[in-house]
Structures are given as structure tokens and as C-alpha cells.
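The structure under discussion appears below in the form of C-alpha cells.
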Amino acid sequence: MHWIAPSEKDTAATTLEKRLWDAADQFRANSGLKAQEYSSPILGLIFLRFAEVRFAAQRARLEKAGTSSRRGSRVDEPAAYHAESILYLPTESRFDHLLHRPEAEDIGAKVNAAMRDIEKHNPQLAGVLPKTYNLFTSTLLKELLKKVSEIPASVDYDAFGRIYEYFLGEFARTEGQKGGEFYTPSCIVRLLTEVIEPYHGRILDPACGSGGMFVSSARFVAGHQKDPAAELSIHGVEKTDETGRLCRLNLAVHGLEGDIRHGGNINSYYDDPHAATGQFDFVLANPPFNVNAVDKERLKDAVGVGRRFPFGLPRTDNANYLWIQLFYSALNARGRAGFVMANSASDARSSEQELRQQLIEAKAVDVMVAVGPNTFYTVTLPCTLWFLDRGKARTPRADSVLFIDARHIYRQVDRAHREWTPGQIGFLANLVRLYRGETLDFTMGGDEAGMKIREVFGKNPQYADVPGLCKVATLAEIAAQGWSLNPGRYVGVAPGEEVSDEDFKEQLETLNEELESLNAQSRELEQVIARNVAEILEA
């Protein structure tokens, strides 16, 4: 199925977030600082602007309440703000106070002191806020404060979040971070969220990066008229300390708190800081793909039923099936997971095929979605979205898996990047709901998604296989395909469509990725054979 949405017109170029980014990027160019030195302080100023807007609104409410209260005003009590998930800001830490400092003062030192004071009054932010503003001249910092002050105090909670996420995405582009290690495009995250439907419960991301999965889950809850802070219990692990602090800051921007373990020696392969096995309602993740050199000797005690690696360890030097098992084992009996994975994992042979077969036979694989190339900012390869559901084994779809080919559903953002529109995300999510027999929900995508669902599945929509788009395959059919979870093997091509040059290139890239994996296995086997021969000859 081909659904290529129109590209956005130049009106998008005049949005507030883009104007702010263009100005900030110009300042960066003039400062002589590297992008990684610049990104955290800029995000810190946006955070402070937002924190002050929320603080000021709560302060006004407390002042009004204080006039009629016997106990007097509570405007200077931090607890009166924390009770509403709002940060308390001391006078000299407020954005407006810093904005109006004269250039003759050492503004960098003032902002650093402000950040330390905020952490002191809000313990959940301890060690999180940037304190490198001394790298900026007072003149440049004054200009940055003025530019960030252009964000109107009247913008809503969600608008601030979008500005913050826009900056995260743009910094991901300029810093050249790998797609799975820093920032996952919001359209991917939103589809993951829409399919696992995290209305309420404990949520885990063991490779949480800057926290986009948590923010998207909160947005899903808020979109259904509930309070995310009350409905979600957030848990994350992030190996890189700086990125872990960024995650905690991102949560704070969105009025959220979470138990984020980061930095030091924490590594999700070897460590389980949240005692995750069987404990989570939802897992969302975009782990780094095809990681090698994991010390499997350190994992042996975590292998077996009811443990972190219930199906065993792969013999290949590739961590994809370690991640997949970590996601599966963290789920409780009704838990759902959605995660991004390299295409090669869907068809990998040898020990990885054995592990995949066990996962499929456990009846936990629910939906597989093929995603086209150029969706990530810095990785051109296509990928696959996996969705697990531990509760599926007790439903009529226990012995089936839904495969979706979404490679030809996109909007071209620019020559090198694609995304999904809200309508396209809503369409794909409701395709899954049709398969599951759930009530359709067009909170995401609205009328556009609804019209497309009815166009493809009828006026009274009922799930049906659609060549080139979706296919429900039985476990017997999957076994006949060598336990492959590659949607392209099942969905086929729509009548009248031909395999395009782009499809051929994509297939070739996927095959090359698999070849590299097989070559690595071959080298490993050569070493084993050489050792065995040497032992025989020495005997």
C-alpha cells in the first residue's frame, strides 16, 4: 500500500520552535563552542523558562488562596508547589530575574548559581541541571535569555514540551548521534505508544536515552483525559550519565518524575537496578542495534525460566536477542512491549533463530511493523518495530501474528528524511485495534485516520488481510518460513504494484546487514574449530 502524504509547506518554517532554533544555532556558530558543549545549557534555559511559567501560575493561585485562609499565604513554601508537581524557584533563580541582570555582571556565574539553588529546593533534580554557563560571554548569554523569553508565558504545557523536543531532535542531528543511542523520532515513538496503549501502570525503558518514550506515554494518557503523573510509574536505565541527566530534565519539563538510573557502571546487560523480571505493565525502548563484545560469562546466572534471559544466550557476538529477551522478561502476565530493532533480527539464523522460535512459541509476539529507510536522523537503514503482548496467549489471536508493511506510508520531510503524519500513525494504530478486536480510537489522527480506515476496511470496519499492507499469519505459516518475523515475507505486493528500485535497494541493505552478521558467526566458528583442533593435537 502506498500512502505518501504531502510535504509541509513553508508555513512550517515560521513556527516558533524553528525560529528559536535558527537563532540559537546562529549564536552557537558565533560562540566557537561545539554542539555538545552548547546543547545542554540551551535546553537548561528552555527548561527554566517553562519552570517559571508553571511556578508563576501556581504562585498566583496561592496568593489568591492566601487572602481567604486563616493560616496565611503559602507562596514561599516549596511543599505547596511540589504537591502539584511544580518546581519551587527561589527569587534569584527565576528566569525573569536572570533576564534583567545587567551585562556588566557575570551572568554565567549567576545562572550557574540559580541552577544549583533550584536543585537544592527540588531534590528530584539533584545533579541534573547544567552548570557550564561560564563558557558563554555575558553578552551572548544575555542574547540567549532574550531569545528564550520570546516563548510567550501564555503557551500551554504541551507547546513547551514540543519546543523542548524539537530542540532535542535538532541537537541529535547536529551532534551526529546514532539513531538508537540519543533520540528516537517522535513519529516512531508515538506509534509504539499508540499500539501498546499505556493507560495506567509501571513502565520501563532499559535504554531510555533522553526519555522520549516516557514523554510520549504521558502524552497518550493526557490525550485520554487522565493525569500522567498519577497514572504512570516511570523507570529507566541509561548507560551514559549526561544523557541520563537529560532524561530527568526532559521529565521535569513535562511535569513528570521517574526512577532513572544512569551513569557510573550501570549497564542493562549486566545490571538490573529495577529488579525488572515480571514486574512491568509496559516496556518501550529503542536499544542500540547489533552491539558486540558483550561479556556473556557475566550473564550465565541470569539464564533460565523466570530469569532475565529465559530462552538462553545467542552464540553469535550480537546483543539484539539479549535486548529482546530483556524486554520480554520484564513484562508481567498481561504486559505489552513495543521496541525498535534492526531488520536483521527478524530473519537471523543459527542460535538467534532458535531463540526467536522460542519467543514465537511462547505466543508473546503480537505485531511486527516494517519501517522504511530515512526515518531516523542519522541512520538511513530501515528497521522493524516489534510488539509483544504476554496476555495474548489467553486470547483468540494466541496462534497468530499481525504483519504490517508500512515502508510506503510516510511524508517526505526533506530530501533525506521521512516521517509519519498523525493521520498515518492513527491509521496504523487502528489497523492493530481491528486485528485485536478493540474499540477504534482516533484520538491520534482524527478524521484523516478514520477516513483511511473506512476506505481500506469498509464503512463498518472489520479486519481483513490487505496485500501490500497487512497479513495475519498463523504460527504454522511462520514455522514454514523458518520462524521469520520479516513482514515482507507475509504481506506480499498489492495487485498491479511492482518492486521499485528503492525496494530493491532496501532489500539489498537488509541482506547486507544479515551477511555481516553471518560473517561474524563464521569468524566465531573458525575460532572454535581452531581451538578444538589445537586441543586434539596437543592431547
Side-chain angles (χ1 to χ4, degrees), residues 180-181 192 196 198 201-209 213-214 233-240 244 258-342 345-346 348 350-366 386-393 483 485:
E181 294 184 359
L192 291 173
I196 72 165
R202 289 164 54 84
I203 185 167
L204 171 71
D205 184 347
C208 66
M213 301 292 180
F214 302 133
S233 177
I234 292 170
H235 301 74
V237 181
E238 172 52 45
K239 184 171 69 171
T240 305
D259 185 355
I260 310 299
R261 309 293 178 90
H262 57 90
N265 296 313
I266 289 180
N267 185 313
S268 284
Y269 303 125
Y270 314 122
D271 305 309
D272 186 15
H274 299 298
T277 305
Q279 297 302 307
F280 285 87
D281 300 288
F282 306 101
V283 173
L284 279 164
N286 174 24
F289 301 161
N290 301 322
V291 173
N292 57 18
V294 176
D295 185 356
K296 293 177 193 165
E297 283 296 316
R298 294 176 60 182
L299 306 180
K300 286 185 176 179
D301 290 342
V303 175
V305 177
R307 297 182 180 178
R308 302 182 78 213
F309 305 104
F311 306 127
L313 302 179
R315 293 188 293 276
T316 55
D317 190 15
N318 187 308
N320 289 342
Y321 275 84
L322 297 178
W323 283 115
I324 291 169
Q325 290 187 78
L326 287 178
F327 305 149
Y328 169 84
S329 64
L331 296 174
N332 60 29
R334 302 189 65 82
R336 286 178 174 178
F339 54 90
V340 188
M341 185 50 62
S346 305
S350 188
S351 62
E352 292 175 303
Q353 179 177 330
E354 296 165 12
L355 297 173
R356 188 170 62 250
Q357 177 179 343
Q358 292 182 68
L359 179 67
I360 295 168
E361 289 180 328
K363 302 184 178 181
V365 181
D366 194 21
W386 293 50
F387 296 94
L388 308 181
D389 186 345
R390 292 289 291 266
K392 190 189 83 160
W483 301 100
L485 288 175

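Only this structure's heavy atoms are used, side chains among them; waters, hydrogens and symmetry mates stay out. Numbers here are sequence positions counted from 1.
- Across all non-hydrogen atoms, the minimal contact from Gly306 to Thr277 is O-CG2, 3.4 Å.
- Proximity of a side-chain donor or acceptor of Asp271 to a complementary backbone N or O of Pro273 within less than 3.5 Å is not detected.
- The shortest non-hydrogen separation linking Leu192 to Met213 is CD1-CE, 3.7 Å.
- Summarising the geometry, atom CD1 belonging to Ile266 is positioned 11.0 Å from atom CG belonging to Asp272; distances are rounded to the nearest 0.5 Å.
- When all heavy atoms are compared, the tightest approach of Arg334 to Arg390 is N-CB, 4.4 Å.
- In this structure, CG on Leu313 lies 8.5 Å from NZ on Lys300, to the nearest 0.5 angstrom.
- Between the side chain of Arg308 and the main chain of Ala276, no donor-acceptor pair closer than 3.5 Å is present.
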| request: Begin from the C-alpha positions of Ile260 and Ile234 and carry the test side chain to side chain contact (heavy atoms under 4.5 Å, CB included) through to its verdict. | output: CA-CA 8 Å; Ile260 310 299; Ile234 292 170; 4.2 Å; yes
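- Within the model, atoms CH2 of Trp323 and OG of Ser268 stand 4.5 Å from one another, a figure rounded to the nearest 0.5 Å.
- Side-chain atoms of Trp483 and Glu361, non-hydrogen and from C-beta on, do get closer than 4.5 Å to each other.
- Asp281 approaches Arg202 most closely through the heavy-atom pair OD2-N, 2.8 Å.
- Applying the side chain to side chain contact (heavy atoms under 4.5 Å, CB included) test between Val294 and each of Asn318, Asp317, Leu322 identifies Leu322 as the sole match.
- Side-chain contact between Ser351 and Tyr321 is absent, with no heavy atoms from C-beta onward closer than 4.5 Å.
- Atom CZ of Arg307 is separated from atom CG of Asp301 by 7.0 Å, given to the nearest 0.5 angstrom.
- The backbone N or O of Asp295 lies less than 3.5 Å from a partner atom in the side chain of Tyr270, making a donor-acceptor pair.
- Across Cys208 and Phe214, no two heavy atoms sit closer than the pair CB-CE1, 3.8 Å.
- In this structure, the side chains of Arg315 and Glu354 come closer than 4.5 Å at one or more pairs of heavy atoms.
- Within the 4.5 Å cutoff, the side chain of Leu326 has no heavy atoms near those of the Phe339 side chain.
- To the nearest 0.5 Å, atom CD1 of residue Ile196 and atom CG of residue Leu284 are 3.5 Å apart.
- In this structure, His262 contributes its side chain and Thr240 its backbone to no donor-acceptor pair below 3.5 Å.
- For Lys363 (side chain) and Lys392 (main-chain N/O), no donor-acceptor pair under 3.5 Å exists by modelled atom type.
- Going from atom CD of Glu352 over to atom CD1 of Ile324 covers 8.0 Å, rounded to the nearest 0.5 Å.
- For the residue pair Met341 and Pro287, the shortest heavy atom distance occurs at CE-CG, 4.0 Å.
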| task | Decide salt bridge (charged side-chain N to carboxylate O under 4.0 Å, His left out) for Arg336 and Asp389; before the verdict, give the C-alpha distance in whole Å, the side-chain angles of both, and the deciding distance to 0.1 Å. | result | CA-CA 4 Å; Arg336 286 178 174 178; Asp389 186 345; 3.3 Å; yes
| request: Evaluate the criterion ring-ring contact (aromatic ring centres under 6.0 Å, His included) for residue pair Tyr328 and Phe311; output intermediate values, then yes/no. | output: CA-CA 10 Å; Tyr328 169 84; Phe311 306 127; 5.1 Å; yes
